[in-house]
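Report on one structure; see the data block that follows.
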Amino acid sequence: MKNKINYDELMTQAMRGLIKLILEKVAATGLPDPHHFYITFATNHSDVDMADWLKKRYPDHMTIILQNWYENLEAMDMGFTVTLNFDDQLENLYIPYEAISVFADPSTKFGLRFEYNETIEADAQHSWSKSDEDKVKKPHKDAEIVSLDKFRK
């Protein structure tokens with residue numbers, strides 16, 4: 001069957017959309033207590049924008065925490081920006097949603113984990129909303145809900 005519905009891809013898109021909605025709300029109204037977010041992302045993603053010294057320190061992945069202090073949070077269509085304090089130095093970050101591997105709110109035991117799997121067959125990558133050219137040789141990413149016990153102290 002040529003045009004299969006790729007439920008995994010659709011679920012991944014929906015979960016990334018959920019992250020966008022959450023960040024839009026927090027950007028507009030603030031982060032209500034006791035909520036806080038752990039966001040792990042691939043620093044080597046081509047669209048991540050961050051200071052060179054941070055990329056050198058975290059060449060593959062980095063986890064940021066949005067809790068007590070952050071500024072300039074803005075959720076956009078493809079990613080979000082935020083200003084954070086690293087070693088008493090303010091740094092602006094741009095993180096595309098597709099670079100996120102973990103989004104967690106330990107205060108509510110909510111979490112999403114996105115897997116990167118290069119071994120998925122080309123057929124499994126087909127989505128009904130993409131042309132055949134868009135489907136070829138693209139990695140497949142799955143979303144899954146994870147336990148947040150490992151984040152608890």
Report task. Would you sort out whether Tyr94 and Met50 count as a side chain to side chain contact (heavy atoms under 4.5 Å, CB included), showing the intermediate values? Result -> CA-CA 7 Å; Tyr94 171 75; Met50 59 192 290; over 6 Å; no
Query - side chain to side chain contact (heavy atoms under 4.5 Å, CB included) evaluation trace for Val82 with Leu84 - result: CA-CA 6 Å; Val82 67; Leu84 296 172; 4.1 Å; yes
Query raised in the report: Stepwise, does the salt bridge (charged side-chain N to carboxylate O under 4.0 Å, His left out) test hold for Asp87 with Arg57?
Result: CA-CA 12 Å; Asp87 298 329; Arg57 191 182 214 179; 2.8 Å; yes
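Hydrophobic clustering (side-chain heavy atoms under 4.5 Å, transitive across Ile, Leu, Val, Met, Phe, Trp, Tyr) groups Leu73 together with Leu18.
Annotation: side chain of Glu91 is in contact with side chain of Leu54 (closest heavy-atom distance under 4.5 Å). The side-chain heavy atoms of Tyr97 and Asp47, taken from C-beta on, include no pair separated by under 4.5 Å. Residues Ile95 and Ile64 are in side-chain contact: their nearest non-hydrogen atoms beyond the backbone lie under 4.5 Å apart. Side-chain contact between Val48 and Lys55 is present, with heavy atoms from C-beta onward closer than 4.5 Å.
Of all non-hydrogen atoms in Pro34 and Ser107, the two that sit nearest each other are O-CB, 3.3 Å. For the residue pair Met15 and Leu112, the shortest heavy atom distance occurs at SD-CD2, 3.6 Å. Counting all heavy atoms, side chain and backbone alike, Pro59 lies closest to Asn44 at O-CB, 3.5 Å. In terms of heavy-atom proximity, Thr81 sits nearest to Met76 at CG2-CE, 3.4 Å. Nearest heavy atoms, Ile65 versus Tyr38: CD1-CE2, 3.6 Å. Residues Leu93 and Phe86 share a closest heavy-atom pair of CD1-CZ, 4.2 Å.
In terms of modelled atom types and a separation under 3.5 Å, the side chain of Thr43 and the main chain of Tyr58 share a donor-acceptor contact. For Thr108 (side chain) and Asp105 (main-chain N/O), a donor-acceptor pair under 3.5 Å exists by modelled atom type.
Going from atom CG of Leu66 over to atom CZ of Phe80 covers 6.0 Å, rounded to the nearest 0.5 Å. In this structure, CE on Met78 lies 10.0 Å from CZ on Arg16, to the nearest 0.5 angstrom. From His61, atom NE2 reaches atom NE2 of His45 across 10.5 Å, with rounding to the nearest 0.5 Å. Taking OG1 from Thr83 and CG from Asn92, the interatomic distance works out to 3.5 Å, rounded to the nearest 0.5 Å. Rounded to the nearest 0.5 angstrom, Glu98 CD and Ile100 CD1 are separated by 10.0 Å. From Asn85, atom CG reaches atom OH of Tyr70 across 15.0 Å, with rounding to the nearest 0.5 Å.
Shown here is Asp52, whose CG atom has no more than 12 heavy atoms of other residues, nucleotides or ligands within 6.0 Å.
The aromatic rings of Phe37 and Phe103 lie tilted to each other, with the angle between the two planes from 30° to 60°.
With sequence neighbours excluded, the residues forming a side-chain contact (heavy atoms from CB on, under 4.5 Å) with Leu21 are Glu24, listed by chain and number.
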